[in-house]
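Below: the structure, in structure tokens.
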Amino acid sequence: MAAMPNHPLRSVQRRQWLAACAGAAMLPVASASAMRPQITLRFSHVVAEETPKGMAANRFKTLVEQRSGGRIEVQVFPNAQLYGDADEMQALQIGAVDLLAPSLSKFGRIGLPEFELFDLPFLFDDLNAVRRITLGPLGQRLLQGLQRQGLEGLGYFDNGFKQMSANRPLLEPKDFVGLRMRIQASQVLAAQMRALGARPVALPFSETRRALATGVVDGTENPVSNFWTQDMDRVQSDLSLTNHGYLGYAVVANQRLWNYLTPTDRDLIHLALQDALGFANQMADTQNDKALVALRQAHTTHIHSLSQAQRDLMRQAVQPVHLELARRIGSDWLQTLSEALGQ
Ligand code: LMR
């Protein structure tokens with residue numbers, strides 16, 4: 001059976017065919033496979049390499065290739081080189097790419113609005129609270145739901161908490177009035193910006209810096225590691241350390257490819273991924289802290305901390321979003337969430 005173009009079998013069959021050719025024509029099969037990987041996994045993402053996600057993807061590549069003795073190759077495509085926010089999910093669903101690690105904010109628009117619970121502002125006090133969800137039964141149930149969209153959910157990892165930036169300090173809700181704020185394509189984030197009096201503008205990550213530079217948008221929200229590695233400090237005069245929301249990721253595979261792999265290879269890949277995600281979670285704090293230090297030393301943007309009173313004002317302003325989006329996310333998910341968080 002000839003696999004459809006871009007079908008995940010395509011690259012595997014091509015390798016086997018090549019290995020077979022190598023065996024028949026020139027070399028014993030063993031050495032042919034040693035010279036050439038039998039399986040190539042294409043891992044695409046939208047951020048820079050010096051970010052928690054960039055480092056996780058490269059660590060995963062190293063571990064898989066080492067542990068498979070080169071039989072399984074991982075090709076990593078950072079910075080939206082291969083696919084970006086607009087087309088990566090569809091590319092994964094049709095098998096044009098094998099692995100992604102999109103932000104949890106990006107699953108709502110492919111029919112999984114329950115993932116937008118992670119976008120609820122001021123929901124998590126710290127990363128331990130996040131991990132009570134991602135490493136607990138609720139997190140696993142969310143990953144299983146990905147199968148509805150032909151995806152296999154393999155695990156979560158953090159970037160960290162988001163900060164607000166613009167060309168003025170954003171310390172209180174009144175500072176947001178009238179600003180066009182870039183967001184990820186999440187209805188919870190759109191409601192959050194509207195609750196602050198701003199106008200939400202959903203744009204792909206790879207277009208954000210240019211949109212800030214050209215004035216298409218006035219500001220945005222992101223963890224410091226993304227802000228720094230995208231040079232947003234050169235087009236935003238003020239960064240306000242609001243810690244108002246969480247940014248995390250789920251690693252997802254094309255389901256047909258995943259089911260096609262042998263149980264041994266699935267285990268090898270899954271274990272390497274868990275090790276890489278553990279590493280990434282350690283990196284999350286470090287990379288954001290390092291970026292903040294670098295920003296302070298660069299003197300390219302003013303960095304503002306909020307007083308407790310200012311933080312309370314902002315929390316009050318966005319609190320109604322939790323109720324407003326409850327129907328979209330699903331009250332059963334929210335019920336389980338607040339029980340898991342002990343709220
Ligand atoms: C964003 O679009 O702001 C982030 O999801 C980018 C990323 O993947 O960290």
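When a residue number appears, it is its place in the shown sequence, counting from 1. Note that this is a predicted model, so its numbers are computed, not measured. For ligands, and for the atoms within them, numbers begin at 1 and follow the listed sequence.
- Remark: minimum distance from atom 5 (O) of ligand 1 to any protein heavy atom is reached at Gln184 OE1, 2.8 Å.
- Taking every heavy atom of Val47 and a limit of under 4.0 angstrom, the matching atoms of ligand 1 come to 6 (C), 7 (C), 8 (O), 9 (O).
- Counting the atoms of ligand 1 from 1 in the order shown, those under 4.0 Å from a heavy atom of Ser103 are 5 (O).
- Within the 4.5 Å cutoff, the side chain of Glu172 has heavy atoms near those of the Asp175 side chain.
- Of all atoms in ligand 1, numbered sequentially from 1 with element shown, those under 4.0 Å from a heavy atom of Lys106 are 1 (C), 2 (O), 4 (C), 5 (O), 6 (C).
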Q.
Please evaluate residues Phe161 and Asn288 with respect to the criterion side-chain contact (heavy atoms from CB on, under 4.5 Å), reporting the C-alpha separation (whole Å), side-chain torsions for both, the decisive distance (0.1 Å), and the verdict.
A. CA-CA 9 Å; Phe161 288 94; Asn288 284 303; over 6 Å; no
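- Contact annotation: for Asn226 versus ligand 1, heavy atoms closer than 4.0 Å belong to the side chain alone.
- Counting only heavy atoms from C-beta outward, the side chains of Ser225 and Pro52 approach each other to under 4.5 Å.
- Atoms of ligand 1 lying under 4.0 Å from at least one heavy atom of Lys53, given by number and element, are 7 (C), 8 (O).
- For ligand 1, the atoms closer than 4.0 angstrom to any heavy atom of Leu247 are 5 (O), 9 (O).
- Within ligand 1, counting atoms from 1 as listed, the ones closer than 4.0 Å to a heavy atom of Asn222 are 3 (O).
- In this structure, the side chains of Leu179 and Arg168 come closer than 4.5 Å at one or more pairs of heavy atoms.
- Ligand 1 has a nitrogen or oxygen under 3.5 angstrom from a nitrogen or oxygen of Arg182.
- Shown in contact with Val46 at under 4.0 Å from a heavy atom are these atoms of ligand 1, numbered in order with element: 8 (O).
- In His45, neither the side chain nor the backbone holds a heavy atom less than 4.0 Å from any atom of ligand 1.
- Using a 4.0 Å cut-off between a side-chain N of Lys or Arg and a carboxylate O of Asp or Glu, Arg67 and Asp275 qualify as a salt bridge.
- Defined by atom type and a distance below 3.5 Å, a donor-acceptor pair is missing between the side-chain atoms of Thr229 and Glu50.
- Counting only distance, with no hydrogens or angles, the side chain of Arg182 and the backbone of Leu203 share a donor-acceptor pair below 3.5 Å.
- Side-chain contact between Ile303 and Leu292: present, with at least one pair of heavy atoms (C-beta onward) separated by less than 4.5 Å.
- Residue Glu221 has no N or O atom closer than 3.5 Å to an N or O atom of ligand 1.
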